[in-house]
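We count ligands from 1, going down the list as the structure has it; atoms in each ligand are counted the same way.
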Amino acid sequence: MNHEKQYAPLGVFDSGVGGLTVAREIMRQLPQERIIYFGDTARVPYGTKSRETVTRYSRQIVHFLLGKGVKAIVVACNTASAFALEEIREELPVPIIGVVKPGAKVAAETTGNGIIGVIGTEATISSQLYTRTIHEHNPNAVVIGKACPLFVSLVEEGWLKDPITVAVAQRYLESFRQSGMDTLIMGCTHYPLLRSTLRGILGETVNLVNPAYETARGLKELLEGHGILNDGNGVCQGTKHQFYVSDAAEKFKNFANSILPCEIKEAQLIHIEE
Ligand code: DGL
């Protein structure tokens, strides 16, 4: 056990509020861990940007988090996981985990009929990382991807069950209608916030996969493997979790307080490019 490091915080980041669905799951499954969260609210969305840009943004954020002394990093963004994770991993002195591979693995292993839908940003879908990873675990699976770019703005706006959101979701999910899929991966960390809207349209027969759950489980294994899982016996100095954003701190804080199990008092604004 690495005593010095086990009490250090985890770094978690996303382009905005979506990664809070992953932070929430980490808080549930690993309540002893401390989180330093960064939401790149000034530059959201990532899903319409190029691999180079998403990698540059991710690298800046990872360096910010390393400066805060994090012991491991969770890329709580499918787009950054698909575009930047592998390149950045090689540069890091700490372990890093993304959301795509854990989500793909559980879908591949739990589908009954082998027909899996994936919804995500344009970047995530075009990267084909879900399809490739599903096929590593289940070579015969049929994977149908659909980019749903409007979902991110609707979630950032807080319109989780708004009739407009329902209409947009109906339009996007139309393409799955004849597919026979039994599993749908919510392949963007913003989308689990639309779960009840998606459930209302798809009915009860489709299994909705939230990769956050498997990511938190994978994170536990990763921390254990490195001997840095927090045993909860350390003295926590200051606020347990810390939140940083690149814009609109108050709006972020209010959103976070509507979905997290703990109250956050402050989201600090920083200039990530400096
Ligand atoms: N929530 C992020 C994802 O999982 C990114 C959404 C975006 O910024 O476009 O892909």
Side-chain angles (χ1 to χ4, degrees), residues 11-26 37-62 73-86 88 96-104 106-107 117-131 133 145-160 165 168-169 172 184-195 198 208-216 218-219 243 245-248 251-252 255-256 259-260 272:
V12 179
F13 77 91
D14 178 47
S15 59
V17 298
L20 291 169
T21 61
V22 181
R24 177 173 68 179
E25 200 51 48
I26 296 170
Y37 184 96
F38 180 80
D40 201 357
T41 45
R43 304 188 293 195
V44 64
Y46 281 12
T48 51
K49 296 190 170 73
S50 67
R51 180 180 290 271
E52 290 68 30
T53 300
V54 173
T55 304
R56 180 161 54 84
Y57 290 175
S58 302
R59 196 174 268 125
Q60 288 169 348
I61 296 165
V62 159
I73 291 177
V74 181
V75 186
C77 172
N78 288 262
T79 307
S81 299
F83 271 179
L85 177 58
E86 291 312 321
I88 287 179
I96 184 166
I97 183 171
V99 283
V100 170
K101 291 193 173 178
V106 71
V118 183
I119 51 174
T121 65
E122 287 164 312
T124 300
I125 299 302
S126 73
S127 79
Q128 297 272 332
L129 184 60
Y130 269 108
T131 308
T133 312
K146 173 78 184 163
C148 305
L150 293 176
F151 279 167
V152 170
S153 313
L154 292 164
V155 169
E156 294 274 333
E157 198 58 36
W159 293 5
L160 306 182
T165 307
V168 170
Y172 280 143
L184 178 68
I185 302 176
M186 296 181 283
C188 170
T189 53
H190 284 69
Y191 298 179
L193 296 167
L194 300 174
R195 183 181 202 110
L198 299 173
L208 289 175
V209 172
N210 176 1
Y213 183 76
E214 289 306 313
T215 302
L219 174 64
F243 297 84
V245 289
S246 49
D247 200 4
K251 186 174 170 197
F252 176 91
F255 198 103
I259 68 161
L260 289 180
I272 191 75

Next item on the list: Number the atoms of ligand 1 from 1 as they appear, then name those within less than 4.0 Å of a heavy atom of C188, with their elements.
Entry: 1 (N), 2 (C), 3 (C), 4 (O), 6 (C), 10 (O)
Note to self: Suppose we measure from atom 5 (C) of ligand 1 to each protein heavy atom; which comes out shortest, and what is that distance?
What the structure shows: S15 OG, 3.3 Å
Next item on the list: May I ask you to list the atoms of ligand 1 that are less than 4.0 angstrom from any heavy atom of H190?
Entry: 1 (N), 2 (C), 6 (C)
Check: Can you say whether the rings of Y57 and Y46 are parallel (under 30°), tilted (30 to 60°) or perpendicular (over 60°)?
Finding: tilted
Notebook entry, point to check: Of all the non-hydrogen atoms in the protein, which one sits nearest to atom 7 (C) of ligand 1, and at what distance?
Noted result: Y46 N, 3.3 Å
Margin query: For F151 and Y191, take the angle between the two ring planes, folded into 0 to 90°, and tell me which bin it lands in: parallel under 30, tilted 30 to 60, perpendicular over 60.
Written below: perpendicular
Check: What atoms in ligand 1 come closer than 4.0 Å to a heavy atom of T121?
Finding: 6 (C), 9 (O), 10 (O)
Next item on the list: For G16 and F252, work out which heavy atoms get closest and say how close.
Entry: O-CE1, 4.0 Å
Margin query: Working to the nearest 0.5 angstrom, can you tell me the gap between L85 CG and N78 CG?
Written below: 11.0 Å
Item checked: Contact atoms of ligand 1, heavy-atom distance to G47 under 4.0 Å -> 7 (C), 8 (O), 9 (O)
Margin query: What's the separation between atom NZ in K49 and atom CZ in R56, rounded to the nearest 0.5 Å?
Written below: 10.0 Å
Margin query: Residue-level breakdown please: for C77 versus ligand 1, do any non-hydrogen atoms fall below 4.0 Å on the side chain, on the backbone, on both, or on neither?
Written below: both
Notebook entry, point to check: Is R195 reaching over with its side chain to a backbone N or O of N210, donor-acceptor style, under 3.5 angstrom?
Noted result: no
Check: When only distance counts, is T124 in polar contact with ligand 1, meaning an N/O pair under 3.5 Å?
Finding: no
Check: Where the closest heavy atom to atom 6 (C) of ligand 1 is concerned, which of V75, V152, V155 has it?
Finding: V152
Checklist line | Exam field: side chain S15 to backbone V44, donor-acceptor pair closer than 3.5 Å | finding: no
Notebook entry, point to check: Could an N or O of ligand 1 be found under 3.5 Å from any N or O of G187, whether backbone or side chain?
Noted result: no
Check: Looking at D14, L193, V99, V155, which hits side chain to side chain contact (heavy atoms under 4.5 Å, CB included) with T21?
Finding: L193
Note to self: Quick test: of every protein heavy atom, which one is nearest to atom 10 (O) of ligand 1, and how far off is it to 0.1 Å?
What the structure shows: T79 OG1, 2.7 Å
Notebook entry, point to check: Under 3.5 Å, side chain of Y172 to main-chain N/O of K146, donor-acceptor pair present?
Noted result: no
Notebook entry, point to check: Counting heavy atoms only, which part of V44 comes closer than 4.0 Å to ligand 1: side chain, backbone, both or neither?
Noted result: side chain
Item checked: T48, portion touching ligand 1 at heavy-atom distance under 4.0 Å -> neither
